[in-house]
**Q** 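Quick one: this structure, given as structure tokens, is what I'll be asking you about.
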Amino acid sequence: MKGVCVLGSTGSIGVSTLDVLRLNKACYSVVALTANKNITRLLEQCVEFKPQYVVIPDDTLAAEFRILISSTPALCTEVLSGEKSLEQVTELSEVDIVVAAIVGAAGLLSTIAAAEAGKRILLANKESLVVSGDLLLSAVNKNNAELLPLDSEHNALFQCMPAGYRTGQKAEGIRKIILTASGGPFLNKTVNELKHVTIEQACAHPNWSMGRKISVDSASMMNKGLEVIEASFLFNLCATEIDVLVHPQSIIHSMVDYIDGSVLAQLGNPDMRTPIAHALAWPERQSSGVSALDLIVNNQLTFQEPSYERFPCLRLAFDALEAKGTAPAILNAANEVAVDAFLSDRIRFVEIPVVIEKVLQEMPITAAESIADVINIDAEARARAIAKVEAFK
Ligand code: NDP
């Protein structure tokens, strides 16, 4: 039995993770679950999975949850509160696997804590790698932790890497990697049409059902930009070794192009339970609940170049990767603020890249030597992005 801690259990990845754990009950025990606001869903999860601990960072909500749990028969779950508890549950000796599925840079410290505690980390929270790539990888290596990607593209790439490959290494014999992108809900919109898109349209992804922040990132193609940076750290590659290819059907999840002309791809129905099941069981395999891929039904696999003109976020991310240092952290923080402003109807969709570019232009790029540096840069970029959002009013 492996002990599992699911950070962000109430979100889209968290729920899919619990689906896979339910299907493979004999192999896993759920040690800890964490939520931010959705205590109703958290209670349902507690009733079913009976974790030893739950974390709700906010003290008031945690107190409310303690009352709910005390009136639920046969539940001995301990309710922890405070940001620090998110880190503490990853360090428990009963925990073997930490699923990092909090959204945004809010997931950074708990992911680092899991690395320092030498756990197997299933990384969905790409933002933590984007903002602190070298520091996170160094914590993984120093503490003999394992970092396995959950993002479908990176999980696909990991599966296509040479035998014995570990994330962070430079694999031999690779010409480049090809990250596929669905293109999101606005793939065929013109620059002019993009000026008028709504929040609902941006959140309606054609192939994947996801949280709202990543859905907007997919619509702006910032998600692919963040994934380019994530891939560069995970697979130790530079920007010129990473291609983005639009593949609207989301059946090929990514490819590795080898120097002998072989291109290895991983295919499957677009369902996050596949990479989750893979990373939980790796190097073995287990059921995920995902139906078998039918290539007669899915017989149109098409490809096209991404448009950097219509999706400037993708260009900004490549530029931040080339600039290195604190540029990815600034990009990420400004993007989180801009997406939040779009989701609360304070800026338009096309203003997201404008906010990010202005913040990137204003802030000097330095080297982040510590997590404290990263947190400071993140805070400054957020403050500047908030000022830019205000200026749009
Ligand atoms: P959701 O918004 O659905 O879920 C986010 C989770 O994080 C929820 O459990 C939420 O709690 C919790 N949370 C939010 N803010 C905080 C905070 N400040 N402190 C602690 N917990 C917090 O997101 P997704 O599941 O879609 O995405 C999670 C991560 O996985 C993101 O980094 C995303 O980029 C990545 N990812 C997602 C994919 C997907 O298919 N959804 C695919 C690949 C990567 P609550 O619900 O209680 O508010």
Side-chain angles (χ1 to χ4, degrees), residues 5-20 32-46 54-59 61-62 64-65 80-87 89-90 98-111 113 121-131 148-156 179-182 184 203 205-220 222-227 229-231 234 250 253-254 269-276 278-279 290 332 335-336 339-340 343 378 382:
C5 163
V6 187
L7 301 168
S9 66
T10 48
S12 162
I13 292 289
V15 167
S16 294
T17 301
L18 292 177
D19 286 346
V20 176
L33 299 176
T34 84
N36 195 39
K37 297 256 179 316
N38 193 346
I39 59 171
T40 309
R41 181 172 283 169
L42 183 65
L43 184 64
E44 288 162 11
Q45 294 179 341
C46 285
V54 295
V55 179
I56 302 166
D58 180 79
D59 290 338
L61 263 187
E64 203 180 305
F65 194 74
L80 308 174
S81 65
E83 301 285 336
K84 201 78 192 150
S85 304
L86 290 172
E87 295 165 51
V89 284
T90 72
V98 174
V99 181
I102 290 176
V103 63
L108 173 64
L109 293 178
S110 48
T111 307
I121 304 167
L122 271 52
L123 187 76
N125 178 237
K126 66 191 85 184
E127 295 91 343
S128 59
L129 198 57
V130 168
V131 303
L148 298 177
L150 279 196
D151 231 334
S152 59
E153 295 78 359
H154 305 74
N155 182 271
L179 276 177
T180 52
S182 68
C203 289
H205 196 281
N207 306 337
W208 298 95
S209 159
M210 308 181 285
R212 281 161 79 79
K213 190 259 177 184
I214 187 176
S215 296
V216 176
D217 284 346
S218 297
S220 70
M222 178 56 94
N223 183 48
K224 207 50 53 183
L226 296 176
E227 287 179 7
I229 300 172
E230 182 186 9
L234 279 175
S250 300
H253 298 305
S254 278
N269 288 318
D271 189 319
M272 287 306 294
R273 290 175 299 170
T274 295
I276 291 168
H278 169 265
V290 177
N332 180 70
N335 180 58
E336 286 192 27
V339 169
D340 184 57
L343 282 171
D378 176 88
R382 274 170 208 272

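One-based numbering, in listed order, for ligands and for the atoms of each.
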**Q** When rounded to the nearest 0.5 angstrom, what distance separates CD in Glu230 from NZ in Lys224?
**A**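 Reported value, rounded in 0.5 Å steps: 9.5 Å.
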**Q** Hey, is Lys213 close enough to Glu127 for a salt bridge, meaning N to O under 4.0 Å?
**A**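 Yes.
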**Q** Can you tell whether the side chains of Lys84 and Glu87 come within less than 4.0 Å, N to carboxylate O?
**A**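 Judged by the 4.0 Å cut-off on N to carboxylate O distance, Lys84 and Glu87 do form a salt bridge.
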**Q** Nearest 0.5 Å please: distance from the CG atom of Asn125 over to the CD1 atom of Ile102.
**A**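 Answer rounded to 0.5 Å: 7.0 Å.
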**Q** Sequence neighbours excluded, which residues qualify as side chain to side chain contact (heavy atoms under 4.5 Å, CB included) partners of Ala62?
**A**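 By the side chain to side chain contact (heavy atoms under 4.5 Å, CB included) rule, Ala62 matches Ile56, Arg66, Val79, Ser81.
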**Q** Apply side-chain hydrogen bond (donor to acceptor under 3.5 Å, both in side chains) to the pair Asn38 and Thr10, showing each step before the final yes or no.
**A** CA-CA 7 Å; Asn38 193 346; Thr10 48; 5.4 Å; no
**Q** Applying a heavy-atom distance cut-off of 4.0 Å, which protein residues contact ligand 1?
**A**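 Residue list for ligand 1: Gly8, Ser9, Thr10, Gly11, Ser12, Ile13, Ala35, Asn36, Lys37, Asn38, Ala101, Ile102, Val103, Ala106, Ala124, Asn125, Lys126, Glu127, Asp151, Met210, Gly211, Ile214, Met272.
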